[in-house]
Number of protein chains: 2
Amino acid sequence: MHHDDFQLAGFTPYLLNQAAEAQSLIFSAIYKDRYGMLRNEWRVLFHLGRYGEMTAKDISEKAMIHKTKISRAVRALEEKRFLAREVSEEDRRAERLTLRAPGREAFEYLVKAAGEYEDRLAGKLGQDEVQMLKALLNKLL
Amino acid sequence: MHHDDFQLAGFTPYLLNQAAEAQSLIFSAIYKDRYGMLRNEWRVLFHLGRYGEMTAKDISEKAMIHKTKISRAVRALEEKRFLAREVSEEDRRAERLTLRAPGREAFEYLVKAAGEYEDRLAGKLGQDEVQMLKALLNKLL
DNA sequence: TGTTGATAGTCCGTTTTGTAACTAACAAGC
DNA sequence: GCTTGTTAGTTACAAAACGGACTATCAACA
């Protein structure tokens with residue numbers, strides 16, 4: 001391929017990035033506007049809501065997010081009264097994190113919103129194409 | 001969908017983001033390691049290489065990047081001696097940007113690398129699936 | 001030619017990220 | 001119980017992203 005033919009708009013990393021940014025914007029507006037949350041806060045909230053009590057380490061491993069980001073997200077969620085931390089008895093370095101009532105409410109609301117987002121997407125692309133897209137994205141990972 | 005069933009790993013914005021980040025990392029390593037460039041610098045370099053002389057405004061519109069980002073990328077590329085700026089005669093607010101020899105070389109190299117990246121991707125996913133993926137991503141935009 | 005509104009590009013202050021120490025606690029071997 | 005190495009989480013500082021305010025210039029028109 002000569003450089004005269006090369007188009008940024010056909011370059012896969014560029015397309016992926018544009019699509020990811022566009023879609024991310026749609027959903028992030030929800031947790032941002034409604035709860036003032038950042039993406040990592042939503043991810044941490046999600047893990048605690050979905051899997052119950054976890055330590056920062058647990059979340060870091062499961063979500064594949066660096067521990068510093070977890071630390072900051074946990075502090076932000078604590079300041080919002082969304083979660084409680086308690087030093088573990090077995091290992092006093094670790095903290096057991098759990099959602100408090102407002103955090104659980106936010107989790108429920110956001111999971112519902114995420115489901116609605118997926119429904120809208122399926123309505124726009126078609127169920128088969130969404131499945132195809134997800135399969136292809138997984139293959140890239 | 002009840003919240004017990006909801007998986008982050010199946011949530012489209014999450015998948016898109018993970019895939020975009022992973023693929024972006026592969027290619028950005030090239031312009032970052034070799035030329036110390038940032039993503040917006042690569043995009044500006046690309047536009048100048050592909051389309052010839054442009055103003056910051058032109059690039060901003062064509063690449064859909066905010067003008068402050070263009071401004072910073074242009075300065076960085078200028079400091080690398082990759083481009084030259086010249087105040088326009090017709091409109092002294094505007095600057096005509098052109099690649100200098102080292103910038104053209106970097107452009108050629110990176111376009112070649114981008115082509116090789118696409119080839120590797122087609123080898124991994126198959127040509128049909130790459131086309132399908134691009135079509136789906138475009139549909140999302 | 002003076003005024004008004006728009007435009008090209010930069011600057012500056014704030015927010016966010018990245019990452020390399022650092023602290024406190026644990027665990028294993030001696 | 002002392003050393004040595006590891007681990008959970010925080011801190012501190014540097015790199016970078018973001019967006020609104022700013023400067024200089026232009027265009028239109030009275």
Side-chain angles (χ1 to χ4, degrees), chain A residues 14 17-18 20-22 24-25 28-29 31-33 35-45 47-48 53-80 83-98, chain B residues 17-18 20-22 24-25 28-29 31-33 35-45 47-48 51 53-80 83-98:
Chain A
Y14 176 82
N17 207 66
Q18 294 293 108
E21 243 167 58
S24 176
L25 205 63
S28 74
Y31 56 69
K32 196 169 166 230
D33 293 349
Y35 300 110
M37 285 168 64
L38 266 27
R39 198 183 42 163
N40 287 329
E41 294 172 40
W42 147 245
R43 289 189 182 168
V44 167
L45 180 86
H47 277 82
L48 291 174
E53 179 183 299
M54 299 177 86
T55 67
K57 177 78 189 312
D58 295 337
I59 301 173
S60 175
E61 281 173 358
K62 194 153 184 93
M64 292 190 302
I65 302 177
H66 192 276
K67 61 181 180 173
T68 306
K69 290 186 189 175
I70 304 287
S71 174
R72 285 193 272 247
V74 165
R75 172 187 297 184
L77 291 171
E78 187 187 27
E79 279 165 5
K80 291 183 182 72
L83 63 74
R85 29 196 346 168
E86 192 183 351
V87 171
S88 163
E89 311 267 314
E90 305 106 59
D91 183 345
R92 290 205 307 281
R93 290 171 303 180
E95 291 176 332
R96 309 181 315 140
L97 306 171
T98 48
Chain B
N17 207 67
Q18 294 293 108
E21 241 168 58
S24 176
L25 204 63
S28 74
Y31 56 69
K32 196 170 167 228
D33 292 352
Y35 300 111
M37 285 169 63
L38 265 28
R39 198 184 42 160
N40 286 329
E41 295 171 42
W42 148 243
R43 288 190 183 166
V44 167
L45 181 85
H47 277 82
L48 290 173
Y51 302 107
E53 179 181 300
M54 299 176 87
T55 67
K57 177 78 189 313
D58 295 336
I59 301 173
S60 174
E61 280 173 359
K62 193 153 185 94
M64 293 191 301
I65 301 176
H66 193 275
K67 60 183 181 171
T68 57
K69 292 184 190 179
I70 304 289
S71 174
R72 285 189 281 256
V74 165
R75 173 187 296 184
L77 290 171
E78 187 187 27
E79 280 166 5
K80 291 184 182 69
L83 64 75
R85 30 195 346 167
E86 192 183 350
V87 172
S88 163
E89 310 267 314
E90 306 104 60
D91 182 345
R92 290 205 307 281
R93 292 171 302 178
E95 292 175 331
R96 310 182 313 139
L97 307 171
T98 48

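Order of the sequence lines sets the chain letters (A, B, ...), proteins ahead of strands, with each chain counted from 1. Only this structure's heavy atoms are used, side chains among them; waters, hydrogens and symmetry mates stay out.
Atom NZ of B:Lys80 and atom CE of B:Met37 lie 6.5 Å apart (nearest 0.5 Å). Note: A:Arg96 CZ to A:Arg85 CZ = 13.5 Å, rounded to the nearest 0.5 Å. Rounding to the nearest 0.5 Å places OG1 of B:Thr55 at 10.5 Å from CZ of B:Arg93. Atom NZ of A:Lys67 is separated from atom CD of A:Glu61 by 11.5 Å, given to the nearest 0.5 angstrom.
Base contact: A:Thr68 has a heavy atom under 4.0 Å from a base atom. A:Arg39 comes within contact range of no nucleotide atom at all, as no heavy-atom separation falls under 4.0 Å. As judged by a 4.0 angstrom heavy-atom cut-off over every strand, A:Leu38 is placed among residues touching the sugar-phosphate backbone only. Across all strands shown, A:Lys57 has heavy atoms under 4.0 Å from sugar-phosphate atoms exclusively, and none from any base.
The distance from atom CD1 of B:Ile70 to atom P of D:dA17 is 13 Å, rounded to the nearest whole Å. Atom CZ of A:Arg75 is separated from atom P of C:dT15 by 15 Å (rounded to the nearest Å). Protein atom CE of B:Met37 is 13 Å distant from nucleotide atom P of D:dA16, rounded to whole Å. If you take CD of B:Glu41 and C1' of D:dA17, they are 13 Å apart, rounded to a whole angstrom. Atom NE2 in B:His66 sits roughly 11 Å away from atom C1' in C:dG9 (whole-Å rounding).
Judged by distance alone, the side chains of B:Ser88 and B:Asp91 never bring a donor and an acceptor atom under 3.5 Å apart.
Among A:Ile59, A:Leu38, A:Ile70, A:Ile65, the single residue meeting the side-chain contact (heavy atoms from CB on, under 4.5 Å) criterion with A:Arg43 is A:Ile65.
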Task: Derivation of the side-chain contact (heavy atoms from CB on, under 4.5 Å) call for A:Glu95 and A:Glu86 - done: CA-CA 5 Å; A:Glu95 291 176 332; A:Glu86 192 183 351; over 6 Å; no

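A sub-4.0 Å separation between OP1 or OP2 of C:dG9 and a side-chain N or O of B:Ser71 is absent. For C:dA8, the OP1/OP2 oxygens have no side-chain nitrogen or oxygen of B:Arg85 closer than 4.0 Å. For C:dG18, one of the phosphate oxygens OP1 or OP2 lies less than 4.0 angstrom from a side-chain nitrogen or oxygen of A:Lys69.
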Expected rows: protein N/O vs nucleotides 1-3 of chain D N/O, under 3.5 Å:
none

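Residue whose closest nucleotide on DNA chain C sits further toward the 5' end, between B:Lys67 and A:Arg72: B:Lys67.
The heavy-atom pair separating B:Leu97 from B:Leu48 by the smallest distance is O-CD2, 3.5 Å. Contact record, A:Met54 with A:His47: SD-O, 3.7 Å, taken as the closest heavy-atom pair.
Residues A:Arg39 and B:Asn17 meet the side-chain proximity criterion, which asks for heavy atoms closer than 4.5 Å. For the pair B:Val44/B:Leu77, a side-chain contact is recorded, criterion being any heavy-atom separation below 4.5 Å from C-beta on.
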Open item on the list: Just to be sure I follow the notation: if a pair is Watson-Crick (purine N1 to pyrimidine N3 plus N6-O4 or O6-N4) or a G-U wobble (N1-O2 and O6-N3), each under 3.5 Å, what dot-bracket string does DNA chain D give, with | for pairs to another strand?
Closed with: ||||||||||||||||||||||||||||||

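At a threshold of 4.0 Å, the pair B:Glu41-B:Arg72 does not count as salt-bridged, since none of the basic side-chain nitrogens sits closer than that to a carboxylate oxygen.
Sorted by residue number, the members of residues 86-98 of chain B with any non-hydrogen atom under 4.0 Å from DNA chain D read B:Asp91, B:Arg92, B:Arg93.
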